[in-house]
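Numbered from 1 within each chain, the chains take letters A, B, ... in sequence-line order. What you see is a predicted model, and the numbers here were worked out from it, not measured in a lab. All values below come from the heavy atoms of this structure, side chains included, with hydrogens, waters and symmetry mates left out.
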Protein chains: 2
Amino acid sequence: MIDREFFLGFVKIHIIYHASKEPIFGVEIMSELARHGYDISPGTLYPMLHRLERDGYLFSNREIVGGKMRKYYRATDEGLSMLAQSKKQIMELVKEVIDEK
Amino acid sequence: MIDREFFLGFVKIHIIYHASKEPIFGVEIMSELARHGYDISPGTLYPMLHRLERDGYLFSNREIVGGKMRKYYRATDEGLSMLAQSKKQIMELVKEVIDEK
DNA sequence: CTACCGATATTGCTAACCGATATAGTACTT
DNA sequence: AAGTACTATATCGGTTAGCAATATCGGTAG
């Protein structure tokens, strides 16, 4: 349906954005992404979260909620500056592709 | 400088957009992309163009210009509908990440 | 103590990425 | 007509990402 190779970058930006607003965890972000039309499988999402953490954009802590373990992720400073740069690039894309000067 | 894994999708959208406006060729699109802050090497760009053609988003023809061979790419109908979908997804991203409701 | 459930993690294969390097095609020079 | 220069495209090869399917974990309730 949606060709993922175009949009996986969007997904990463969504993730960091949400993680900048509040702690997020895997299953939650999967359904959040689904609301935006992105069907991401666990085999894609979890390794992606691990990489984003490994590369310094996110950090995590484990918590027990309703008797179930969750791994909450939040954006680091590097994640926030990544997000700021993303906004610039998105606006570039909008100016070019959508505004139709 | 720019973390490519976030932006390679943007690059592909730029490419299809330009190829929908006029015929484009590799070296030209490389400098166009550089103007948007994307430094893409030939080893990334050419295989990418080949895939976009293989997958039906672009088609090409060879021409001799100023004594040099160029391979001009243009967007197919499928490329155009990809572009339309990209615009929707971009606007989603803008609403979410930038508009700060 | 075990069955269950929400949630995260891993496996194994395929495909993409990308710097470096090679190749192709034309024109100009001599 | 062979050599050189220039522009442009193409490939190589090692590394990493993507992904569906499967496995595992941690806690609670019965």
Side-chain angles (χ1 to χ4, degrees), chain A residues 1-16 18-19 22-34 37-74 82, chain B residues 1-16 18-19 22-34 37-74 82:
Chain A
M1 170 171 248
I2 254 186
D3 188 333
R4 313 170 98 93
E5 80 172 301
F6 289 89
F7 298 120
L8 273 178
F10 288 29
V11 166
K12 290 169 189 167
I13 293 171
H14 268 295
I15 289 175
I16 295 185
H18 283 293
E22 66 208 345
I24 57 168
F25 63 100
V27 167
E28 175 186 54
I29 198 77
M30 277 181 65
S31 62
E32 168 65 23
L33 288 170
Y38 302 113
D39 269 331
I40 302 298
S41 91
T44 302
L45 180 68
Y46 287 104
M48 186 181 286
L49 290 171
H50 298 165
R51 276 196 311 281
L52 290 174
E53 181 167 30
R54 181 201 66 194
D55 295 344
Y57 301 114
L58 301 176
F59 68 97
S60 67
N61 68 298
R62 290 159 184 276
E63 277 180 39
I64 308 300
V65 178
K68 301 300 176 302
M69 191 267 283
R70 289 182 185 172
K71 198 166 169 186
Y72 280 106
Y73 289 90
R74 311 209 57 169
M82 177 69 228
Chain B
M1 172 171 249
I2 257 187
D3 188 333
R4 313 169 99 90
E5 80 171 303
F6 289 89
F7 297 120
L8 274 179
F10 288 31
V11 167
K12 290 169 190 169
I13 293 171
H14 267 295
I15 289 175
I16 294 184
H18 283 293
E22 65 207 346
I24 58 169
F25 64 101
V27 167
E28 174 186 55
I29 198 78
M30 279 181 64
S31 62
E32 168 65 24
L33 288 169
Y38 303 113
D39 269 331
I40 302 298
S41 89
T44 303
L45 180 66
Y46 287 104
M48 185 181 287
L49 289 172
H50 298 167
R51 277 196 309 281
L52 290 174
E53 182 167 28
R54 181 201 66 195
D55 295 343
Y57 301 114
L58 301 176
F59 69 97
S60 66
N61 67 297
R62 291 159 184 276
E63 278 180 40
I64 307 300
V65 179
K68 303 298 177 305
M69 192 269 282
R70 288 182 185 172
K71 198 165 168 187
Y72 279 108
Y73 289 90
R74 311 209 58 170
M82 176 68 229

| Are K12(A) and M82(A) close enough that some pair of their side-chain heavy atoms sits under 4.5 Å apart? | no

| To the nearest 10 degrees, what angle separates the axes at the start and end of the helix from dC1(C)-dG30(D) to dT30(C)-dA1(D), five pairs each? | 10°

| message | Nearest heavy atom decides the nucleotide; on that basis, is K71(A) or E5(B) closer to the 5' end of DNA chain C? | response | K71(A)

| query | Within the pair Y46(B) and dA10(D), is there a side-chain N or O less than 4.0 Å away from OP1 or OP2? | reply | no

| remark: The residue, P42(A) or K12(A), whose nearest nucleotide of DNA chain D is more 5′ is K12(A)

| Contact check, side chains of H18(B) and E28(B), non-hydrogen atoms, under 4.5 Å | no

| Would one find a side-chain N or O of R51(B) under 4.0 angstrom from OP1 or OP2 of dA15(C)? | no

| query | How many Å lie between CD1 on I29(B) and C1' on dT7(D), as a whole number? | reply | 17 Å

| What are the two closest heavy atoms between I15(A) and M48(A), and how far apart are they? | CD1-SD, 3.9 Å

| query | Would you call the rings of Y38(B) and F7(B) parallel, tilted or perpendicular if under 30° counts as parallel and over 60° as perpendicular? | reply | tilted

| query | So does S41(A) get a side-chain nitrogen or oxygen closer than 4.0 Å to the phosphate oxygens (OP1/OP2) of dC19(D)? | reply | no

| Close residues, residues 54-70 of chain B, relative to DNA chain D [heavy-atom separation under 4.0 Å] | R62(B), K68(B), M69(B), R70(B)

| remark: To the nearest angstrom, the CD1-P distance between I40(B) and dG19(C) comes to 8 Å

| field | Shortest non-hydrogen contact from R4(B) toward S41(B) | value | NH2-N, 4.1 Å

